[in-house]
There are 2 protein chains.
Amino acid sequence: MTGKTIPDIIVSRLPLYLRSLQRMDEENRKVTSSQELGERLGISAAQIRKDLSQFGEFGKQGTGYNINFLIEQLCRILHVDQEWDVAVIGAGDIGNAVARYKGFKNRGFRVVMIFDDDPDKIGTQIGEFTVSDANDLTESIRNAQIQVAMIAVPGSNAQNVADRLVEGGIKAILNYAPINLNVPEDVNVQYIDPSIHLQRMTYYLE
Amino acid sequence: MTGKTIPDIIVSRLPLYLRSLQRMDEENRKVTSSQELGERLGISAAQIRKDLSQFGEFGKQGTGYNINFLIEQLCRILHVDQEWDVAVIGAGDIGNAVARYKGFKNRGFRVVMIFDDDPDKIGTQIGEFTVSDANDLTESIRNAQIQVAMIAVPGSNAQNVADRLVEGGIKAILNYAPINLNVPEDVNVQYIDPSIHLQRMTYYLE
DNA sequence: TAGATTGTTAATCGATTAACAATC
DNA sequence: TAGATTGTTAATCGATTAACAATC
């Protein structure tokens, strides 16, 4: 039996809840309330309770939510109670930063491969990784059964890379290239483009 | 007189329209339609027409939208018919990548300063910039009248950096640190956290 | 002209909020 | 117990879509 479908707008808030809770945990906090969480995130308490109630009853009337317990539940819901192997494609400045990024620790992800098509880069060391030949991309990720990838190549190559990732079995792509990717329906894409974020803010400036 | 307030959800789509149109322009396309734009972006044609109609009548019945003209209009609306000077705080891997990023070209932004508090980094060269002492942060951005900044420091320092940016007059912050920032109401913040994007996708994976 | 596509209205759909009984 | 906070319902609010007259 399949449970009811949760709206993506709710799913998109769960990682934010999780991140705040993990921060509270680092501060050695034990319990919190929908109100406190809402204040930290700029989200209404009612919405947080409603969102969480889609997945179960995680709180206690009168006292609120046990932080550790709620972290566990959210990790389970978001499938980050495991570590996902991630392939990085592109060993330029962005690929470099992403491959060496410490921020995936305890968040459910681990970079395991980095690819580039530049012969001068192939075989060189980036952090703990040796840059692989992008020609082997499809085969390598298929063999390693990797489902998550990050694209950090120029826009002109991004669609081609995406096609090969999909061929290799990738199901989730985080794309740093400033273009929209065409992928099959069962492949998820998220975009990071700093210019897009900045333009959304300059609208409000003079 | 102040025009009616446009919902932020509409504002958030305008940069996506602009990016697609600029790509069409690079392909030497001259006109497009709400339908074509919608297909490229995965957004309904009706919504695109509705969004644009908040700001004026930019199309022609029967023929669609002149790409160059619509680009001009969107640049004006988003206030990127000018180039905004941007300060980068943090000269680690991410600050490095952002400072050297070529993708701000023609998008309305130009990095002009980069700061760090590490004595070993201060004075060194990153691309065309010399790393400045983060102690001078507030004064430097105030003197240069910079309104836009990107935070690329560890989470533990991000709130402190944000406070000093606000003190210096910053009105828009793009935050790469994985924490929520508290800032005054008139300061806009956007967040980039790859783990958040990835977790939103792993929800849908097995 | 005929065909195409806009801008806009009204209808639909979905998300958020307010309120409160339940209960820790 | 009294106070606090949940989970949930119903009401409100806002966003999206369908449809079409206008017109290029």
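Quick note on labels: first sequence line is chain A, next is B, and so on, each numbered from 1. Because only heavy atoms are used, hydrogens play no part in the values below, and waters and symmetry mates are left out as well, while side chains stay in.
Going from atom NZ of B:Lys60 over to atom C1' of C:dT8 covers 19 Å, rounded to whole Å. The nearest whole Å value for the distance from the CG atom in B:Asp8 to the C1' atom in D:dG14 is 14 Å. Atom CD of B:Gln54 is separated from atom C1' of D:dT16 by 12 Å (rounded to the nearest Å). Rounded to whole Å, atom C1' of C:dA2 lies 16 Å from atom CD of B:Gln61. Between A:Lys50 atom NZ and D:dA11 atom P the separation is 14 Å, expressed in whole Å. Taking atom CZ on B:Arg13 and atom P on D:dA15, their separation rounds to 9 Å, with Å as the unit. What separates CG of A:Asp51 from C1' of C:dA15 is a distance of 10 Å, to the nearest Å. Taking atom CD on B:Gln35 and atom P on C:dT6, their separation rounds to 9 Å, with Å as the unit.
In terms of phosphate contacts, B:Thr63 brings no side-chain nitrogen or oxygen within less than 4.0 Å of OP1 or OP2 of C:dT5. Not one side-chain nitrogen or oxygen of B:Ser44 sits closer than 4.0 Å to the OP1 or OP2 atom of D:dT16. Between C:dG7 and B:Tyr65, a contact under 4.0 Å exists linking OP1 or OP2 to a side-chain N or O. Side-chain nitrogen and oxygen atoms of B:Gln47 include at least one within less than 4.0 Å of the OP1 or OP2 phosphate oxygen of D:dT16. Distances shown here put a side-chain N or O of A:Arg49 below 4.0 Å from the OP1 or OP2 atom of D:dT6.
Along DNA chain C, the nucleotide closest to B:Glu57 and the one closest to A:Gly62 are compared, and the more 5′ of them pairs with B:Glu57. Each of B:Thr32 and A:Ile43 was assigned the nucleotide of DNA chain C with the nearest heavy atom; the assignment lying further toward the 5' end belongs to B:Thr32.
A salt bridge does not link B:Lys30 to B:Asp25: none of the charged nitrogens lies less than 4.0 Å from a carboxylate oxygen. Salt bridge A:Asp51/A:Arg13: present, at least one basic N to carboxylate O contact under 4.0 Å.
Taking CG from A:Leu181 and CG from A:Leu165, the interatomic distance works out to 9.5 Å, rounded to the nearest 0.5 Å.
Using modelled atom types and a 3.5 Å distance limit, the side chains of B:Gln22 and B:Arg19 yield no donor-acceptor pair. A:Asp133 and A:Asn135 form a side-chain donor-acceptor contact under 3.5 Å, judged by distance and modelled atom types alone.
When both pairing distances are held under 3.5 Å, C:dA10 makes a Watson-Crick or G-U pair with D:dT17. Both distances falling under 3.5 Å, in either a Watson-Crick or a G-U wobble arrangement, place C:dT23 opposite D:dA4.
Distances were taken from every side-chain heavy atom of A:Ala46 (C-beta onward) to each of C:dA18, C:dT6, C:dT8; the shortest belongs to C:dA18.
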